[in-house]
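Below: one structure, written as structure tokens.
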Amino acid sequence: MSHMLSRKMSDIHSFARPEEVVVRHLRLDLDVDFERKRLTGSATLDFETSAGARELVLDTHGLDVERVTYADGSAATFAIGDSQPHLGSPLTIGLHPDTKSVTVHYASAPDAAAVQWLSPEQTAGGKHPFLFTQSQAILARTWVPIQDSPGVRITYDATIRVPKELMAVMSAENATELSADGVYHFRMPQAVPAYLLALAVGDLEFRSLGRNSGVWAEKPMIEASAYELADTQKMIDAAEAIYGPYRWGQYDVLVLPPSFPFGGMENPRLTFATPTILAGDRSLVNLVAHELAHSWSGNLVTNATWNDFWLNEGFTVYFERRIMEAISGRDYSEMLALLGRQDLEATVAELPPRDTHLFLDLTGRDPDEAATKLPYEKGYFLLRLIEESVSRAKWDAFLREYFDRHAFQSMTTDAFLEELTAAFPELERRIDVHLWVHGPGIPDNAPIVHSDAFTKVEEQVRAFDSGTPAAQLAAQKWSTHEWIHFLRHLPRDLSREQLAELDAAFQFTASGNSEILHEWLLQAIEHHYDPAYDALERFLLRQGRRKFLKPLYQKLAESSEGFERARRIYAKARPMYHAVSYRTIDQILKW
Ligand code: BES
Ligand code: ZN
């Protein structure tokens with residue numbers, strides 16, 4: 001074959017050279033060994049080669065590679081290069097001219113960053129161990145030897161062996177019943193990048209939520225999870241009405257134990273989610289809309305490199321809010337957008353200007369460090385600006401075709417901009433897309449979001465500030481989002497007495513809503529409101545979502561007393577956090 005196998009997009013976060021040899025299919029065969037905290041077995045890779053290619057280069061990070069074989073079982077030559085910070089080591093395998101497939105026999109390391117091994121005490125059931133993976137951005141290579149670049153797609157199948165009483169699920173077609181012998185077979189017929197490889201093993205139960213949706217959780221959590229996620233099918237239907245067919249068959253959500261480091265992860269067919277979305281009133285389910293939206297933006301049309309991350313996340317936030325608008329109304333989605341605008345301003349204030357461009361330069365950096373709110377919210381506001389400039393009807397038509405045309409492909413920022421300009425030639429002059437993508441900060445023409453509901457909240461903040469007792473504020477029917485807005489806009493010079501009064505009126509310290517509690521605890525730390533300190537410690541000990549941990553530990557670290565307290569809590573909490581979270585907190589607390 002002489003044609004180029006893959007456009008050279010030079011992914012600086014991968015050693016792979018897909019323009020020479022490109023992996024098309026992965027066959028995993030793994031034993032899940034809870035005792036030794038290892039996944040052991042093999043990965044068979046089928047690939048295509050361009051003329052003259054004599055090496056297949058894979059990404060690995062901490063894998064113990066025992067041997068590599070060809071299809072006939074004979075030994076292949078291989079070498080593992082020096083380990084580089086963040087990236088791990090290239091695994092270079094020698095090929096014969098007609099080699100089409102190799103098998104890597106290996107084991108993952110007990111401290112593989114993608115994998116968290118939970119003891120029974122760290123689960124809801126308390127009886128069985130649990131395992132889950134988190135491969136985005138470049139952690140797939142810590143459990144699978146693979147071309148770990150979002151510009152390379154594979155289909156896969158897998159055989160996974162687990163202790164008999166446990167269920168295994170993957171980002172693939174899943175059985176819904178326990179197998180008798182602990183052996184599970186998976187098939188993923190749609191091509192996906194390596195960062196969407198995912199596995200979870202535990203005492204899991206499945207509940208259908210509709211035509212092609214369902215929820216997985218540990219038994220003690222299944223009822224609450226099914227209640228919270230009851231609108232999932234409606235979201236799928238709303239999404240399809242906007243951007244065309246859902247192309248992945250089934251859409252399930254797995255509600256994980258509380259150490260899951262993210263809110264959600266868009267693993268195909270099986271979103272992984274934090275249990276901190278279980279507020280009891282379905283008020284945090286925009287997270288499901290977000291992960292579902294990735295089934296178009298991200299999983300179908302994928303950022304070619306992590307520098308193009310905004311193509312995944314900015315598009316997805318835009319689509320998330322469109323889905324929420326469709327099912328909960330414009331007032332609702334505008335509250336989300338306004339909270340997003342606040343996040344964006346706070347993020348821009350924190351980051352060096354270079355890191356506030358939509359197109360990022362992550363040379364020499366871990367892409368995980370760049371996973372700030374910026375690509376999410378600045379991306380959202382650019383897409384909304386385009387919508388408002390060209391009309392929703394035209395913009396939707398463009399996106400629908402875009403997802404169709406590029407389904408199961410990757411996309412660079414430049415290629416997207418070219419298509420945008422071709423479709424809307426006048427746009428560049430009117431809104432200066434280039435400045436949005438390659439310039440810093442929030443451009444002046446960012447759309448203005450308006451929320452009457454939030455204006456009313458601000459009135460109540462002013463009333464409180466000028467002496468109205470907390471108990472008399474007009475806050476009876478507030479939603480979670482209004483409470484968040486209220487807490488973010490409290491006067492800076494609150495006294496402890498005022499905090500106590502608010503707490504007595506609204507029971508913030510006892511809140512079971514993770515987002516509200518989080519905002520309240522930030523205020524409590526800021527104002528040294530010690531009646532909330534126990535609740536703070538319990539919150540830091542009972543969940544490991546980085547979005548909550550990072551700001552709380554950061555705020556604590558601002559005072560020397562708080563810093564010491566944070567370190568005392570962290571000593572107890574750290575063993576239960578996933579690597580993605582503890583690596584971030586280690587830096588904050590100089591661990
Ligand atoms: N794909 C991301 C999570 C992610 C990003 C993992 C970068 C690793 C590196 C996921 O879709 C996401 O954005 N999750 C958000 C929730 C969302 C509602 C903004 C989260 O976890 O907070
Ligand atoms: Zn996302």
Side-chain angles (χ1 to χ4, degrees), residues 13 86 113-114 116 132-140 142 148 150 171 192-198 235 253-256 258-268 270-277 279 283-303 305-324 333 336-337 339-340 342-344 347 360 362 365-380 383 480-481 484 514-515 518 543-551 578-581 583-584:
H13 294 110
H86 319 304
Q116 192 175 13
F132 67 86
T133 63
Q134 166 59 43
S135 297
Q136 196 183 10
I138 55 170
L139 303 179
T142 70
D148 191 7
S171 50
V192 292
Y195 78 88
L196 295 176
L197 288 173
M235 289 182 181
V253 179
L254 167 59
V255 178
L256 285 158
S259 65
F260 186 60
F262 292 104
M265 176 64 214
E266 65 272 28
N267 299 131
L270 183 62
T271 282
F272 282 19
T274 168
T276 62
I277 57 166
S283 64
L284 302 177
V285 295
N286 65 294
L287 183 133
V288 175
H290 178 95
E291 305 313 334
L292 170 66
H294 274 304
S295 306
W296 287 258
S297 44
N299 299 2
L300 204 54
V301 182
T302 307
N303 53 204
T305 75
W306 298 116
N307 288 339
D308 305 293
F309 186 51
W310 78 279
L311 292 180
N312 273 20
E313 298 300 344
F315 277 62
T316 296
V317 172
Y318 175 80
F319 195 8
E320 164 200 337
R321 292 186 183 146
R322 290 292 305 277
I323 295 170
M324 293 314 293
S333 58
L336 295 175
L339 293 176
Q342 293 162 16
D343 289 337
L344 178 58
T347 305
L360 294 169
L362 299 175
R365 287 192 279 174
D366 183 343
D368 192 53
E369 279 168 36
T372 73
K373 283 267 156 193
L374 190 111
Y376 290 77
E377 296 298 344
K378 188 173 175 183
Y380 165 78
L383 299 195
T480 294
H481 313 292
I484 293 171
S514 59
E515 298 280 351
H518 172 69
Q543 55 79 38
R545 185 174 173 187
R546 184 169 67 176
K547 175 185 123 163
F548 293 144
L549 302 182
K550 188 179 172 195
H578 185 278
V580 159
S581 287
R583 286 175 173 185
T584 301

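Ligands are counted one by one from 1 in listed order, and the atoms in each one are counted from 1 as well. These values consider heavy atoms only, across backbone and side chains, with no hydrogens, waters or symmetry-generated copies. Computed from a predicted model, the values in this text were never measured in an experiment.
- Between Phe272 and Phe132, the distance separating the two ring centers is not shorter than 6.0 angstrom.
- If you number the atoms of ligand 1 from 1 as listed, the ones under 4.0 Å from a heavy atom of Glu313 come out as 1 (N), 2 (C), 11 (O), 13 (O).
- Which parts of ligand 1 touch Gln134 is read off a 4.0 Å heavy-atom cut-off, strictly below it: atoms 6 (C), 8 (C).
- Note: an N/O pair closer than 3.5 Å links Tyr376 and ligand 1 by distance alone.
- What sits closest to atom 20 (C) of ligand 1 on the protein, heavy atoms only, is Gly263 N, 3.4 Å.
- Residues Thr316 and Glu266 are not in side-chain contact: their nearest non-hydrogen atoms beyond the backbone lie 4.5 Å or more apart.
- In this structure, the protein non-hydrogen atom closest to atom 10 (C) of ligand 1 is Gly264 O, 3.2 Å.
- Looking only at heavy atoms of the protein, atom 4 (C) of ligand 1 is closest to Gln136 OE1, 3.2 Å.
- Annotation: side chain of Ser514 is in contact with side chain of Leu284 (closest heavy-atom distance under 4.5 Å).
- Glu313 lies close to the Zn ion (ligand 2), since one of its N, O or S atoms is found at a distance under 2.8 Å.
- For a threshold of 3.5 Å applied to N or O pairs, the pair formed by Glu320 and ligand 1 contains no separation below that value.
- Between the side chains of Tyr195 and Asn303, no donor N or O sits under 3.5 Å from an acceptor N or O.
- For the residue pair His294 and Glu320, no side-chain donor N or O sits within less than 3.5 Å of a side-chain acceptor on the partner.
- Within the 4.0 Å heavy-atom cutoff, Arg546 does not count among the residues contacting ligand 1.
- Inclusion of His290 in the set of residues having an N or O under 3.5 Å from an N or O of ligand 1 is warranted.
- Counted by atom type alone, Arg545 and Thr276 present one or more donor-acceptor pairs between their side chains at under 3.5 Å.
- The shortest N or O to N or O distance between Ala137 and ligand 1 is not under 3.5 Å.
- Near Glu266, the atoms of ligand 1 lying under 4.0 angstrom from a non-hydrogen atom of the residue are 1 (N), 2 (C), 10 (C), 11 (O).
- Considering both main-chain and side-chain atoms, Phe309 never comes within under 3.5 Å of ligand 1 through any nitrogen or oxygen pair.
- At least one N or O atom of Glu291 sits closer than 3.5 Å to an N or O atom of ligand 1.
- Salt-bridge check for Arg546 with Glu369: failed, with every basic side-chain N at 4.0 Å or more from each acidic carboxylate O.
- Counting heavy atoms from C-beta on, the side chains of Thr305 and His13 never come closer than 4.5 Å.
- Of all atoms in ligand 1, listed by their number and element, those nearer than 4.0 Å to a heavy atom of His294 are 11 (O).
- The existence of a salt bridge linking Asp343 and Lys547 is excluded, since no basic side-chain nitrogen approaches an acidic carboxylate oxygen closer than 4.0 Å.
- Side-chain atoms of Ser259 and His578 form no donor-acceptor pair, as typed in the model, at a separation below 3.5 Å.
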